2 protein chains.
Amino acid sequence: MSIEPLATIETELDEQITDLLRRSDQRFTKGRRALVEALLAGGQPMTIPQVLEADTRLAQSSAYRNLVVLEAAGVVTRIVTNDDFARYELAEHLTHHHHHLICSSCGDVTDFALDDQAEDELDEALHKIAAATGFTVEAHRLDLVGVCSDCD
Amino acid sequence: MSIEPLATIETELDEQITDLLRRSDQRFTKGRRALVEALLAGGQPMTIPQVLEADTRLAQSSAYRNLVVLEAAGVVTRIVTNDDFARYELAEHLTHHHHHLICSSCGDVTDFALDDQAEDELDEALHKIAAATGFTVEAHRLDLVGVCSDCD
DNA sequence: CCGAGATCGATAGTCATTCTCATTTTTGGA
DNA sequence: TCCAAAAATGAGAATGACTATCGATCTCGG
């Protein structure tokens with residue numbers, strides 16, 4: 001099916017994903033590989049229409065289904081904003097911890113990282129909160145909402 | 001319509017909301033007041049079904065429509081999670097700046113605040129990012145995703 | 001090479017949210 | 001106070017992102 005991949009998945013990443021899927025009794029099929037390649041090539045959180053446009057060989061129904069499978073396996077993360085469509089990107093442990101700039105005008109989402117010190121301080125403050133509330137923290141999410149340079 | 005309000009809106013808050021709505025050429029009608037009262041009484045972000053259950057006199061279609069109006073006027077904030085329903089709460093400038101604990105199990109959302117120092121540090125780090133990216137920041141959003149004490 | 005089981009993909013649902021429109025309410029002028 | 005124009009309401013229909021279905025296709029172990 002995949003003749004010309006959008007991006008090449010390095011061996012290590014490929015193995016990590018194969019392993020994650022195996023733990024959910026799922027295979028890293030061509031369709032799922034094409035999805036990951038499209039997300040990798042996109043370089044930012046993508047909506048399903050964007051993914052389908054990036055690789056027209058993908059079927060919509062399979063894209064929806066496989067993105068659910070990939071999310072359950074921890075390969076991708078689903079990002080939901082006020083935009084009509086949800087977005088997907090590679091999970092943080094396959095890339096690196098980061099946050100999102102969300103454009104309230106066009107809906108576009110891009111990544112950014114906090115410098116290490118700020119991230120550490122934030123983490124510490126969050127741990128205190130969690131301890132005080134009896135909440136078991138799985139992850140923290142930090143978004144900047146505003147207007148991107150394109151829309152300005 | 002509103003015989004027995006769920007919560008009483010203090011004069012000052014009432015005037016603020018009336019003013020915000022007026023700027024959008026909208027009125028602070030009974031139905032809209034009942035919505036605000038329900039959110040005030042709820043004390044945490046509420047889904048529309050929760051709001052309708054809290055005040056059974058409200059019509060679903062009007063609740064949806066008026067919550068859109070109230071959001072456009074800056075009176076309430078719409079919070080979207082992975083849950084089926086969106087949630088609404090009073091806008092921060094009518095209450096105070098805070099963040100959210102999102103339970104990945106039951107979908108419940110509750111508020112928490114960072115201590116002033118941590119919030120200041122975060123703010124400073126975020127301003128640097130914004131300056132570096134040409135992104136015009138309107139707000140920042142910080143969520144803790146995990147499992148609440150009820151679900152644990 | 002074969003067959004059981006997983007995956008695919010076209011299509012038909014589902015359901016939160018939005019739209020429509022006739023009815024009711026509100027407002028400002030006479 | 002009365003009236004008409006404008007706004008708001010609410011019941012129901014429509015929309016559209018997403019999910020479920022199911023026969024066809026692919027995959028892997030034997």
Side-chain angles (χ1 to χ4, degrees), chain A residues 1-3 14 17-38 45-53 55-73 75-88 107 109, chain B residues 1-3 14 17-18 20-38 45-73 75-88 107 109:
Chain A
M1 183 203 218
S2 202
I3 315 253
D14 190 298
I17 296 176
T18 303
D19 195 53
L20 282 170
L21 282 168
R22 186 151 37 218
R23 283 184 215 172
S24 306
D25 294 306
Q26 298 285 343
R27 301 173 187 158
F28 197 14
T29 64
K30 284 178 185 165
R32 291 169 190 174
R33 199 175 301 267
L35 283 173
V36 172
E37 280 163 1
M46 296 168 80
T47 64
I48 271 124
Q50 285 171 344
V51 170
L52 297 180
E53 191 178 11
D55 190 336
T56 54
R57 293 162 300 186
L58 289 167
Q60 188 188 56
S61 61
S62 297
Y64 271 106
R65 175 159 24 75
N66 283 328
L67 252 2
V68 169
V69 170
L70 289 169
E71 194 199 9
V75 178
V76 303
T77 305
R78 178 188 161 98
I79 301 164
V80 41
T81 68
N82 284 311
D83 199 21
D84 284 343
F85 297 93
R87 282 154 208 272
Y88 287 91
V109 180
Chain B
M1 181 200 215
S2 200
I3 316 253
D14 191 297
I17 297 176
T18 303
L20 283 169
L21 282 168
R22 185 151 38 218
R23 284 184 213 172
S24 306
D25 294 307
Q26 297 286 343
R27 301 171 189 158
F28 197 15
T29 64
K30 284 178 185 164
R32 292 168 189 174
R33 199 175 301 266
L35 283 173
V36 172
E37 280 162 0
M46 295 169 81
T47 64
I48 272 121
Q50 286 171 344
V51 171
L52 296 181
E53 192 178 10
D55 190 336
T56 54
R57 292 163 299 187
L58 290 167
Q60 189 188 53
S61 61
S62 297
Y64 271 105
R65 174 161 21 77
N66 283 328
L67 251 3
V68 169
V69 170
L70 290 169
E71 193 199 12
V75 178
V76 303
T77 305
R78 178 188 162 98
I79 301 164
V80 41
T81 67
N82 284 311
D83 199 20
D84 284 343
F85 296 92
R87 282 154 208 273
Y88 287 90
V109 180

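Lettering follows sequence order; numbering is per chain, from 1. Only a predicted model underlies this, so the values are computations on that prediction, with no experimental measurement involved. These numbers come from the heavy atoms of this one structure, side chains and all, not from hydrogens, waters or symmetry mates.
- In terms of heavy atoms, A:G107 sits closest to A:R87 at O-NH2, 2.9 Å.
- We find that CG of B:L70 is positioned 13 Å from C1' of D:dA8, with the value rounded to whole Å.
- Atom CG of B:L58 and atom P of D:dA11 are 11 Å apart (whole Å).
- Minimum interatomic distance between B:Q50 and B:P45 (heavy atoms only, all atoms of both residues): OE1-O, 4.1 Å.
- A close approach under 4.0 Å does occur between a side-chain nitrogen or oxygen of A:T29 and OP1 or OP2 of C:dC8.
- Counting heavy atoms from C-beta on, the side chains of A:T77 and A:E71 never come closer than 4.5 Å.
- Listed pair B:N66 / D:dT9 meets the phosphate criterion, a side-chain N or O lying under 4.0 Å from OP1 or OP2.
- Axis orientation changes by 30° from one end of the helix from C:dC1-D:dG30 to C:dA30-D:dT1 to the other, with each end axis drawn from 5 pairs and the value rounded to 10°.
- Scanning residues 76-86 of chain B for heavy-atom distances under 4.0 Å to DNA chain C yields B:D84, B:F85, B:A86.
- Residue A:R65 contributes atom CZ, which lies 11 Å from atom P of C:dA10 at whole-angstrom precision.
- Look at A:K30 and you'll find a side-chain N or O under 4.0 angstrom from OP1 or OP2 of D:dT27.
- The residue among B:D25 and A:V68 whose nearest nucleotide of DNA chain D is located toward the 5' end is B:D25.
- Residues B:I48 and B:R27 both approach DNA chain C. Their nearest nucleotides, taken by heavy-atom distance, put B:I48 toward the 5′ side.
- Residues B:V69 and B:L21 come closest through the heavy atom pair CG1-CD2, 4.1 Å.
- Atom CZ of A:R33 and atom P of C:dT7 are 14 Å apart (whole Å).
- Separating the CZ atom of B:R22 from the P atom of D:dA7 is a distance of 16 Å, rounded to the nearest angstrom.
- Within the 4.0 angstrom heavy-atom criterion, only backbone atoms of the sugar-phosphate kind lie near A:R32; the bases stay farther away.
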Could you write out each protein N or O paired with an N or O of nucleotides 11-13 of chain C at a distance under 3.5 Å?
none

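- Remark: A:Y64 is not in phosphate contact with D:dT19, judged by side-chain N or O atoms under 4.0 Å from OP1 or OP2.
- Rounded to a whole Å, the CZ atom of B:R57 is 15 Å from the C1' atom of D:dT9.
- Side-chain proximity of B:S62 to C:dC8, C:dA10, D:dT9: nearest is D:dT9.
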